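Presented below is the structure to which this report refers.
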Amino acid sequence: MSNPLEISPLAINPLVTTAWLAEHIDDDNLVIVDAYMANVVGKEPLVYDAFSCLPTARKLDIEVDFCDHSSSQSHALPTEQQFTQAVQALGINSDSVVVLYDNQGIYSAPRAWWTFKTMGFENVYVLDGGLPQWIKEGRETASEYTTILTLGNATAKEVKGLACDSEEVLSVINTDVAILDARAEMRFLGKAPEPREGVRSGHIPTSKNLPFSILLDGYTYQDKAILISIFSERVSSLDTKTYFSCGSGITACILILAAVSIGYKEVTLYDGSWADWGTNHALPIE
């Protein structure tokens with residue numbers, strides 16, 4: 001068996017293909033995680049007749065295990081302690097190579113990926129197309145998650161600057177940064193109601209709309225050239241500091257993953273996103 005840590009493509013791209021994963025699924029240190037979310041918002045959810053998962057997959061319930069439930073935010077990033085407990089329960093070690101996927105194609109796995117990144121875990125990637133692409137290609141699945149026999153030893157060390165609050169976003173309005181909003185156009189324009197009670201309609205001043213669905217081609221991301229074109233229409237250069245928002249901090253990470261995959265480095269998640277901004281009447285809206 002080869003060790004994925006020695007395979008150079010993983011060092012430069014946060015996405016892996018189904019073909020790559022099928023070839024390396026038995027590699028040492030590889031941990032496959034189903035980054036699951038029960039509640040799918042902003043798209044028509046895929047519904048399966050029967051449960052299936054990738055071979056050797058372990059279940060991570062983002063809304064249960066990867067959210068700080070002491071926070072008032074809908075989907076606040078976990079604390080260092082919560083993250084450490086969750087990943088050790090998954091049997092993840094400090095030298096593990098983690099591949100995340102979800103059952104919607106590209107939906108919640110990018111959020112889990114960015115959570116790993118914010119907590120200082122570098123060797124983490126997302127399966128482009130997730131479970132539906134894997135099934136579409138006729139690849140082997142399992143009917144139950146793998147049993148975890150031994151706790152892992154991975155620990156969190158939060159990386160500052162990868163996530164922020166409304167105060168920071170407010171401070172950069174009308175500066176040379178970019179603010180991208182992953183919600184659907186009608187919600188961004190304030191012409192469609194918000195799904196959460198008590199949240200105002202509209203968007204953050206100076207922000208630009210980039211609905212996450214535009215970045216996808218079926219279950220997978222668009223080709224790199226198309227992604228570059230889409231982002232270049234909204235962000236002046238790869239060096240531009242860019243903030244990402246959505247409804248509650250989940251689908252913004254779909255944008256972040258795409259941006260990182262094409263070379264953007266100065267990227268920050270507004271974790272509370274519109275659910276936070278839209279409920280605070282002291283904050284301006286357009």
Side-chain angles (χ1 to χ4, degrees), residues 4 14-16 18 21 25 29-41 45-46 48 51-71 73-135 141-159 162-163 219 248-254 256-257 269 271:
L15 288 164
V16 298
T18 50
L21 185 58
I25 201 164
N29 295 337
L30 184 68
V31 177
I32 300 174
V33 177
D34 182 346
Y36 170 83
M37 282 188 70
N39 299 302
V40 176
V41 178
L46 291 174
Y48 295 82
F51 173 81
S52 64
C53 62
L54 267 63
T56 75
R58 308 170 189 194
K59 179 184 178 181
L60 169 66
D61 189 327
I62 291 178
E63 292 169 293
V64 174
D65 303 318
F66 257 27
C67 286
D68 181 359
H69 298 287
S70 67
S71 171
Q73 294 179 13
S74 299
H75 295 115
L77 286 166
T79 65
E80 289 183 340
Q81 181 180 3
Q82 288 173 319
F83 177 86
T84 297
Q85 181 178 350
V87 296
Q88 288 186 356
L90 287 167
I92 295 173
N93 295 315
S94 58
D95 64 346
S96 295
V97 173
V98 178
V99 174
L100 303 161
Y101 76 92
D102 65 68
N103 66 5
Q104 298 298 306
I106 293 291
Y107 184 72
S108 53
R111 169 68 181 203
W113 165 77
W114 197 241
T115 302
F116 272 87
K117 289 292 189 179
T118 64
M119 293 296 161
F121 192 98
E122 285 297 321
N123 293 318
V124 58
Y125 308 89
V126 172
L127 176 63
D128 196 10
L131 179 63
Q133 186 67 24
W134 187 269
I135 292 174
T141 60
S143 60
E144 59 183 9
Y145 294 116
T146 192
T147 301
I148 301 166
L149 301 177
T150 307
L151 292 177
N153 61 24
T155 58
K157 186 176 181 181
E158 185 177 355
V159 179
L162 300 187
Y219 303 130
S248 64
I250 302 299
T251 59
C253 297
I254 298 175
I256 294 176
L257 179 54
L269 169 68
D271 193 29

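Quantities reported herein were computed from a predicted structural model and do not represent experimental measurements.
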Closest heavy-atom pair, I62 versus M37, reported as atoms and distance to 0.1 Å, is CB-CG, 3.8 Å
E144: what forms a salt bridge (Lys or Arg N to Asp or Glu O under 4.0 Å) with it, not counting sequence neighbours? none
Is it the case that the side chain of N93 and the backbone of G152 share a donor-acceptor pair, with hydrogens and angles ignored and the cut-off at 3.5 Å? no
Given I148 and L90, is the side chain to side chain contact (heavy atoms under 4.5 Å, CB included) satisfied, shown in steps? CA-CA 7 Å; I148 301 166; L90 287 167; 4.2 Å; yes
Would you call L54 and W134 a side-chain contact if the rule is heavy atoms closer than 4.5 Å? yes
Nearest-0.5 Å distance that lies between atom CD1 in I135 and atom OG1 in T141: 6.0 Å
Restricting to non-hydrogen atoms, name the atom on L100 and the atom on V98 that form the minimum distance, rounded to 0.1 Å. CD2-CG1, 3.9 Å
With no hydrogens and no angle check, is any side-chain donor or acceptor of H69 less than 3.5 Å from a backbone partner on E63? yes
Using the rule given for side chain to side chain contact (heavy atoms under 4.5 Å, CB included), can you reason through N103 versus Y48, listing the C-alpha separation, both sets of side-chain angles and the distance that settles it, and then say yes or no? CA-CA 9 Å; N103 66 5; Y48 295 82; 3.8 Å; yes
Between C253 and G249, the two heavy atoms sitting closest are SG-O, 3.6 Å
For side chain to side chain contact (heavy atoms under 4.5 Å, CB included), just list the numbers for T18 and D128, CA-CA rounded to whole Å, side-chain angles, deciding distance to a tenth of an Å, and then say yes or no. CA-CA 7 Å; T18 50; D128 196 10; over 6 Å; no
With A86, which residues qualify under side chain to side chain contact (heavy atoms under 4.5 Å, CB included), at least two apart? D65, F66
Would a distance-only check, ignoring hydrogens and angles, find a side-chain to backbone donor-acceptor pair under 3.5 Å from S108 to A35? yes
Listed partners of T251 passing side chain to side chain contact (heavy atoms under 4.5 Å, CB included), at least two apart: Y107, A182, F212, C246, I254
Scan residues 77-89 for pairs that pass side-chain hydrogen bond (donor to acceptor under 3.5 Å, both in side chains), counting only residues two or more places apart or in two chains. T79-Q82
Do P110 and I256 have side chains that approach each other closer than 4.5 Å (heavy atoms only, starting at C-beta)? no
Minimal heavy-atom distance between T146 and T56, with the atoms involved, is CG2-O, 3.3 Å
Find the distance between CZ (R58) and CD1 (I32) and round it off to the nearest 0.5 Å. 9.0 Å
Could you measure the distance from the CG atom of L131 to the OH atom of Y219? Nearest 0.5 Å is fine. 9.5 Å
Who pairs with D271 by salt bridge (Lys or Arg N to Asp or Glu O under 4.0 Å), at least two apart in sequence or on another chain? R111
What distance separates W114 CH2 from L162 CG, expressed to the nearest 0.5 Å? 4.5 Å
Hey, could you give me the CG/CG distance between D102 and D34, rounded to the nearest 0.5 Å? 7.5 Å
List the steps, then state whether side chain to side chain contact (heavy atoms under 4.5 Å, CB included) holds for V124 with K117. CA-CA 8 Å; V124 58; K117 289 292 189 179; 4.1 Å; yes
Indicate the atoms forming the closest heavy-atom contact of Q104 with L46, along with that distance. OE1-N, 2.7 Å
What closest approach, in Å, do A163 and L77 show between heavy atoms, and which atom pair accounts for it? CB-CD1, 3.6 Å
Rounded to the nearest 0.5 Å, what separation is found between the CG atom of N123 and the CD1 atom of I92? 11.5 Å
The side chain to side chain contact (heavy atoms under 4.5 Å, CB included) partners of C53 (sequence neighbours excluded) come to F51, A57, Y101, A142, Y145
